[in-house]
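Every value quoted in this text rests on a predicted model; they were computed, and no experiment measured them. Numbering starts at 1 and runs along the sequence shown.
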Amino acid sequence: MKRHRRLPSLCAAVLAALLASPPVGAQSAPTPATARIKIDPDRVVGEVNPRMFGNFAEHLGRCIYGGIFEEGSPLSDADGFRKDVMEAAKGLGVTLLRWPGGNFSSGYNWKDGIGPRDQRPVRRDQAWDAIETNRFGTDEFLRYAEKLGVEPYVCINAGLGTVEDARNWVEYTNEAGNTYWAQQRRKNGREKPWNVKVWGLGNELDGPWQLGHKNAEDYAKFALEAAKAMRRADQSITLIASGSSNFGPGADWVGWNRTVLERLKSEIDYISLHTYIANREGNLEKFLAVSRDIDDRIEVVKGQIQAVRVGNPKARPIHIAFDEWNSWYRTITPGMTEAQIGATGLEEKYDFADALAMGMFLNSFIRHADVVTIANLAQLVNVIAPIFTNKDGLYLQTTYFPIAEYAKQKGLQSLDALVESPQYKPDEGRALGYLDVSSTYDPKTKQVYLNVLNRSAKDDITARVENVAGAPKGPVSVWELDNPDLKATHTFGNDKVVRPVTRSASVKTSGNAFDYTFPKHSLTILKW
């Protein structure tokens with residue numbers, strides 16, 4: 001009987017709560033701001049280079065064969081390219097595609113992959129202990145890039161390869177005259193040059209896992225001669241030196257980069273950086289604190305670039321190509337050999353926490369848009385990738401959606417935003433703010449983008465957002481990626497679990513500012 005007497009008061013409480021709920025598209029009742037974000041469209045860092053939204057396709061696992069390229073499949077076109085993968089790649093916003101590796105490039109002879117497919121030699125890929133059929137080679141890759149509408153980026157073999165191999169490859173792809181390698185290209189069905197502009201001078205040569213591993217001096221000697229020879233084949237190409245990717249105990253990554261920059265400063269346009277992160281402990285706040293390390297590595301190399309250019313006003317501009325980055329950990333365990341890693345196919349399954357990490361990486365790149373002007377997510381399909389296929393179709397992993405949304409900001413101006421946020425210390429390193437922020441501006445449309453990752457596992461954070469140029473004129477467009485389950489993941493037929501929500505939010509302005517509450521463990525992009 002007592003239960004029944006309490007029922008009216010319970011209903012009244014529920015009704016009161018419903019009436020107090022904000023309408024769809026509006027922020028909830030104001031919460032005192034605990035953070036501050038200040039934007040000034042005049043404080044431009046640099047252009048968000050379209051090449052920042054590059055990707056990577058290595059001969060590894062099912063990235064090429066069974067991913068990009070699947071001969072005889074009803075899902076493929078006449079060239080053997082998976083049409084569904086191409087459409088997903090277009091939706092991802094890919095601008096620049098790196099190939100053929102990666103570790104694979106250090107043992108690859110490009111001449112094995114040209115000419116009639118049935119006459120190409122089958123080789124053992126010693127990088128990943130696999131069999132390479134060579135049915136997908138230079139012309140297939142460049143035709144794929146052309147169909148996809150992306151810029152090709154070719155990485156030479158600086159491990160077991162030679163300077164002559166590198167020079168001849170440039171001639172094969174770019175020569176318009178009646179030379180030997182240009183004629184070979186024509187025999188293989190391509191009359192006009194492919195005009196490949198972006199070339200990598202090898203991959204991770206500082207790593208002892210690499211075929212043809214070299215010390216910094218030996219690598220610099222090889223890369224310098226290769227660069228000179230390649231430029232004689234085509235003066236207009238862009239060259240990327242192999243920066244250090246070995247951050248293991250005792251590795252001198254700073255010294256490697258210093259040597260490479262000093263020896264190659266007159267020939268290169270970029271030095272590369274690679275970073276993979278892992279949420280092995282399942283600690284979100286510690287996982288997303290890796291941005292300190294990403295920012296620090298960029299700043300250190302930026303300083304090294306400036307150091308080799310001091311006193312030489314005519315020095316060649318050099319930028320950073322962050323041409324391998326991603327979250328990667330479930331398919332490997334400590335102590336695995338490269339062959340054992342390759343045997344897994346690197347078929348990583350990503351969750352919601354990994355999706356948040358995509359925003360962390362891209363925020364860092366945008367904040368450093370003055371020096372990071374190339375970046376390549378590793379990789380495009382199946383292998384630590386946002387797209388996953390089988391013979392019948394594909395699904396989009398959780399990481400797909402942040403990348404696709406950030407790509408809409410290519411070509412805009414990166415702004416130096418002031419951020420004051422509650423801080424935390426996830427480890428023995430320095431404290432950092434819970435809000436990880438980048439901002440861009442379109443001077444043509446006067447639109448501002450604000451990208452905010454709330455790293456807190458427990459707390460929503462309200463920020464006072466100030467814009468020196470004035471408050472929003474009308475509603476704010478909201479793109480939000482949020483999920484109560486950090487381990488939520490996707491699979492075939494069920495890739496709608498972690499999807500962004502878009503809405504128009506009415507905000508109450510005060511002067512040139514408004515308050516906005518960023519949910520715990522969420523990624524939000526505001527546009528006004």
Could you tell me whether a side-chain N or O of [X] sits under 3.5 Å from a main-chain N or O of [Y], the two making a donor and an acceptor?
X    : Y    : result
K408 : G93  : no
D77  : F81  : yes
H319 : V372 : no
Y108 : G101 : no
D351 : A488 : no
S272 : F322 : no
N178 : Q183 : no
D323 : R98  : no
S76  : E70  : yes
E132 : N134 : yes

Please check if atom CZ in R124 has more than 12 non-hydrogen atoms from other residues, nucleotides or ligands closer than 6.0 Å. yes

Neighbour count above 12 (heavy atom, 6.0 Å) for K349 NZ: yes

Value rounded to 0.5 Å, distance of [atom1] in [X] from [atom2] in [Y]:
X    : Y    : atom1 : atom2 : result
R367 : I294 : CZ    : CD1   : 9.0 Å
T173 : I114 : OG1   : CD1   : 11.0 Å
Q306 : R309 : CD    : CZ    : 8.5 Å
I374 : L96  : CD1   : CG    : 5.5 Å
I366 : Y406 : CD1   : OH    : 6.0 Å
S242 : L273 : OG    : CG    : 10.0 Å

Proximity of W99 and F56 rings by center, below 6.0 Å: no

For W181 together with W110, are the ring centres under 6.0 Å from each other? yes

Just by distance, with hydrogens left out, do [X] and [Y] show a side-chain donor and acceptor under 3.5 Å apart?
X    : Y    : answer
N257 : S244 : no
Q379 : N326 : no
N246 : E204 : no
N494 : K496 : no
E171 : T179 : yes
N49  : T373 : no
S438 : N451 : yes
Y65  : N382 : no
N376 : E324 : no

Below 4.5 Å, heavy atoms only, C-beta onward: do [X] and [Y] meet side chain to side chain?
X    : Y    : answer
K265 : I318 : yes
D427 : K286 : yes
R263 : Y219 : no
Q397 : D495 : no
I268 : R316 : no
Q409 : L412 : yes
L97  : E151 : no
I156 : W199 : yes

Go through it in stages, so that I can follow the logic: the residues are L356 and L284, the test is side chain to side chain contact (heavy atoms under 4.5 Å, CB included), and I'd like the CA-CA distance, side-chain angles, deciding distance and then a yes or no. CA-CA 9 Å; L356 296 179; L284 178 76; 4.2 Å; yes

Does R190 qualify as a cation-pi partner of Y172, given the criterion of NZ or CZ under 6.0 Å from the six-membered ring centre and within 45 degrees of its axis? no

Before you tell me yes or no, could you show the steps for D252 and R258 under salt bridge (charged side-chain N to carboxylate O under 4.0 Å, His left out), namely the whole-Å CA-CA distance, both residues' side-chain angles and the distance that decides it to 0.1 Å? CA-CA 10 Å; D252 183 11; R258 182 189 303 116; 5.2 Å; no

Looking at every non-hydrogen atom in both residues, tell me the closest pair between A88 and L394 and how far apart they are. CB-CD2, 4.3 Å

My understanding is that only one of T138, D139, N174 makes a side-chain hydrogen bond (donor to acceptor under 3.5 Å, both in side chains) with W194; could you say which? D139

Cationic N near anionic O, under 4.0 Å, [X] to [Y]:
X    : Y    : answer
R231 : E225 : no
R167 : D234 : no
R185 : E191 : no
E285 : R455 : no
K90  : E87  : yes
D293 : R297 : yes
R292 : D436 : no
D79  : K147 : yes
D485 : K487 : no
R117 : D112 : no

Stepwise, does the side chain to side chain contact (heavy atoms under 4.5 Å, CB included) test hold for S364 with I298? CA-CA 9 Å; S364 181; I298 292 172; 3.7 Å; yes

Can you check side chain to side chain contact (heavy atoms under 4.5 Å, CB included) on T133 and R120, steps first, answer last? CA-CA 8 Å; T133 66; R120 297 178 190 176; over 6 Å; no

What residue among Y400, Y395, Y350 forms ring pair (Phe, Tyr, Trp, His ring centres under 6.0 Å) with F388? Y395

Just jot down the ring-ring contact (aromatic ring centres under 6.0 Å, His included) partners of W325, sequence neighbours excluded, or say none. F361, F365

Step by step, would you call K192 with E146 a salt bridge (charged side-chain N to carboxylate O under 4.0 Å, His left out)? CA-CA 13 Å; K192 65 180 181 179; E146 193 172 69; 5.1 Å; no

Inter- and intrachain pairs under ring pair (Phe, Tyr, Trp, His ring centres under 6.0 Å), touching residues 276-307, at least two apart: Y276-W328

